[in-house]
Amino acid sequence: GLRKTNDNDYYLNRNLWNQYDGIGAPFFDYRNGDLNNDRQINIYGHNSQNSQILDKLPLSKLMNYTDVNFFNTYKDLYLYTDTQKIHYEILAIKIIQKSNNYHMTIHFYDDQDFIDHTNNLLNGSYNLRQTKIKKSDRILVLQTCNYNPPDTLAIIICKTV
């Protein structure tokens, strides 16, 4: 079964049965210790330019959020943990350079640090809903590879409802 690792590389090339698989599996950031209470949860997964394997890469579908009609139609996301269902609203999609990793932050010094972080996340994003993130909100960031432009990532920014 799944196991918690001490890095964010293990499931890049392993499937849910811990076997080597170049497609990997979507996975939570290893630093997320309490999915029911963490202020920010990060989930990572592969994308591909090979159309024959896209159906095996669930996070590749995040790229649909670059289409404004899709974005406006599908705004809700639910995360099921062992003990609860967490409802998120998808706020924005953002294309960033692979060298940027500020979106991966999950620990914050205080409420202002959290607000500054979320404002930075939302700054420059596409299809931003006119919703502000408050200090009492929790956020979810989904990340996958993006190929246009090269060497970029697509991140989806969500907040609890």
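For the pair Ile86/Arg138, a side-chain contact is recorded, criterion being any heavy-atom separation below 4.5 Å from C-beta on. The closest side-chain heavy-atom distance from Asn42 to Gln143 is not below 4.5 Å. In this structure, His103 and Ile157 have side chains that are not in contact, with every pair of non-hydrogen atoms separated by 4.5 Å or more. A heavy-atom distance below 4.5 Å is not found between the side chains of Thr152 and Lys98. Side-chain contact between Leu79 and Ile41: present, with at least one pair of heavy atoms (C-beta onward) separated by less than 4.5 Å. Here the side chains of Thr66 and Tyr126 are not in contact, with every heavy-atom distance at 4.5 Å or above. Between Ile133 and Leu91 the shortest side-chain heavy-atom distance falls below 4.5 Å. Between Asp76 and His87 there is a side-chain heavy-atom pair separated by less than 4.5 Å.
In this structure His46 satisfies the ring pair (Phe, Tyr, Trp, His ring centres under 6.0 Å) test with no other residue, sequence neighbours excluded. Partners of Asp116 under the side chain to side chain donor-acceptor pair (under 3.5 Å) rule, at least two apart in sequence or in another chain, are Gln112.
Note on Leu59: it clusters hydrophobically with Ile90, by side-chain heavy-atom contacts below 4.5 Å among ILVMFWY residues. The hydrophobic clustering, which links ILVMFWY residues whose side-chain heavy atoms are closer than 4.5 Å, places Ile139 and Tyr88 apart. No continuous path of ILVMFWY side-chain contacts below 4.5 Å connects Val141 to Phe28, so the two sit in separate hydrophobic clusters. Tyr80 and Ile43 end up in different hydrophobic clusters when Ile, Leu, Val, Met, Phe, Trp and Tyr side chains are linked at under 4.5 Å.
Here the side chain of Lys94 pairs a donor or acceptor atom with the backbone of Asn123 at under 3.5 angstrom. Side-chain atoms of Asn37 do not come within 3.5 Å of backbone N or O of Asp34 as any donor-acceptor pair. Between the side chain of Asp38 and the backbone N or O of Gly33 there is at least one donor-acceptor pair closer than 3.5 Å. Side-chain atoms of Asn100 do not come within 3.5 Å of backbone N or O of Tyr102 as any donor-acceptor pair. Here the side chain of Thr144 pairs a donor or acceptor atom with the backbone of Asn47 at under 3.5 angstrom. Under the 3.5 Å distance criterion, the side-chain polar atoms of Asn32 are left unmatched by any main-chain donor or acceptor of Leu35.
A distance of 10.5 Å separates CG in Asp151 from CG in Asn146, rounded to the nearest 0.5 Å. The CG atom of Leu140 sits 11.0 Å away from the CD1 atom of Ile155 when rounded to the nearest 0.5 Å. Note that the CG atom of Asn6 and the OH atom of Tyr30 stand 7.5 Å from one another [nearest 0.5 Å]. For the atom pair OG1 (Thr160) and CG (Leu77), the distance works out to 12.0 Å, reported to the nearest 0.5 Å. Taking CD1 from Ile115 and NZ from Lys132, the interatomic distance works out to 9.5 Å, rounded to the nearest 0.5 Å.
The shortest heavy-atom contact between Leu122 and Ser125 is O-OG, 2.7 Å. Taking all atoms of both residues into account, the shortest heavy-atom contact from Ile93 to Ala154 is CD1-CB, 4.4 Å. In this structure, Phe27 and Ala25 approach most closely via the heavy-atom pair CD2-O, 3.2 Å.
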Problem set entry | Derivation and outcome, side-chain contact (heavy atoms from CB on, under 4.5 Å), residues Met104 and Asn8 | CA-CA 11 Å; Met104 295 174 66; Asn8 283 330; 3.9 Å; yes
For this session: Go through the steps for Ser60 and Leu62 under the test side-chain contact (heavy atoms from CB on, under 4.5 Å), then give the verdict.
Result: CA-CA 5 Å; Ser60 69; Leu62 295 177; over 6 Å; no
Exercise. Taking it one step at a time, do His107 and Gln40 satisfy side-chain contact (heavy atoms from CB on, under 4.5 Å)?
Worked result: CA-CA 8 Å; His107 299 294; Gln40 177 169 326; over 6 Å; no
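A cation-pi geometry, defined here as NZ or CZ lying under 6.0 Å from the six-membered ring centre and within 45° of its normal, holds between Arg129 and Phe71.
Taking the six-membered ring where tryptophan is involved, the planes of Phe114 and Phe108 are perpendicular, since the angle between them exceeds 60° and thus also 30°.
Ring to ring, Tyr65 and Phe70 are close: their centroids are under 6.0 angstrom apart.
Other residues, nucleotides and ligands contribute more than 12 heavy atoms inside 6.0 Å of the NZ atom of Lys61. Summarising the local packing, OH of Tyr78 is surrounded by more than 12 heavy atoms from other residues, nucleotides or ligands at distances under 6.0 Å.
Of the candidates Asp137, Thr118, Asp111, Thr105, Asp111 is the only one forming a side-chain hydrogen bond (donor to acceptor under 3.5 Å, both in side chains) with Arg39.
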